[in-house]
Amino acid sequence: MELRALCGLGGRSPAAAEAGLPRTVYGVVIEVEDRLIGMGRLIGDGGCFVQVTDIAVHPDWQGCGWGRRIVAALMSWADAELPSGCYISLIADAGAERLYEKAGFRYRTGMARTVP
């Protein structure tokens, strides 16, 4: 939750994190000297649909290629473990499009809402 907030991804309540994290299909964390500096997750049903989420790199470590490595690790796992045809989606923050385009993602029109 702290890393999300530091990276401007918005905080989550402890109850939301407690409910959501165990439903991770696959996750990646990067630690340097026991300090969390990066993370990313795949969430979804693990068969038909997964979504890339929570890609975050601590501000002190941004611009060093860690985000690219996190996405590459997630996609490597997905390509090896998920069934053919599984739809992988994401919602990118403005400015992050290039990171995901390098991993093979293409722009699509989408819509979203949050629970009030």
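Starting from 1, each residue takes its place in the sequence as its number. Being a predicted model, the structure only gives us computed values, none of them experimental.
- When the shell of 6.0 Å around CD of Glu31 is examined, it contains more than 12 heavy atoms from other residues, nucleotides or ligands.
- Ring geometry for Trp77 against Tyr26 counts as parallel: the plane angle stays under 30°, on a 0 to 90° scale with 60° as the upper cut.
- Annotation: side chain of Thr53 is not in contact with side chain of Leu90 (no heavy-atom distance under 4.5 Å).
- Two residues are said to be in side-chain contact when any heavy atoms from C-beta on lie closer than 4.5 Å; Leu74 and Ile55 meet this criterion.
- Follow the hydrophobic side-chain contacts under 4.5 Å out from Val28 and you reach Ile88 in the same cluster.
- The CG atom of Asp45 lies 13.5 Å from the OH atom of Tyr87; values are rounded to the nearest 0.5 Å.
- Residues in residues 46-61 take part in these salt bridge (Lys or Arg N to Asp or Glu O under 4.0 Å) pairs, two or more places apart or across chains: Arg4-Asp54, Arg35-Asp60, Arg41-Asp54.
- With hydrophobic clusters built from ILVMFWY side chains whose heavy atoms lie under 4.5 angstrom apart, Val57 shares a cluster with Ile37.
- Rounding to the nearest 0.5 angstrom, the gap separating the CD1 atom in Ile30 from the NE2 atom in His58 is 13.0 Å.
- The salt bridge (Lys or Arg N to Asp or Glu O under 4.0 Å) contacts involving residues 9-30 comprise nothing, where partners must be two or more places apart or lie in separate chains.
- The side-chain heavy atoms of Met1 and Ser13, taken from C-beta on, include no pair separated by under 4.5 Å.
- Put simply, the side chain of Trp61 reaches to within 4.5 Å of the side chain of Val32, judged on heavy atoms.
- Side chains of Cys86 and Cys48 form no contact here, defined as non-hydrogen atoms less than 4.5 Å apart.
- Residues Leu42 and Met75 form a side-chain contact, since some pair of their non-hydrogen atoms from C-beta on lies under 4.5 Å apart.
- Considering only heavy atoms from C-beta on, Val52 comes within 4.5 Å of Phe105 through its side chain.
- Inter-residue side-chain proximity for Met39 and Leu3 is flagged as met; some heavy-atom pair is nearer than 4.5 Å.
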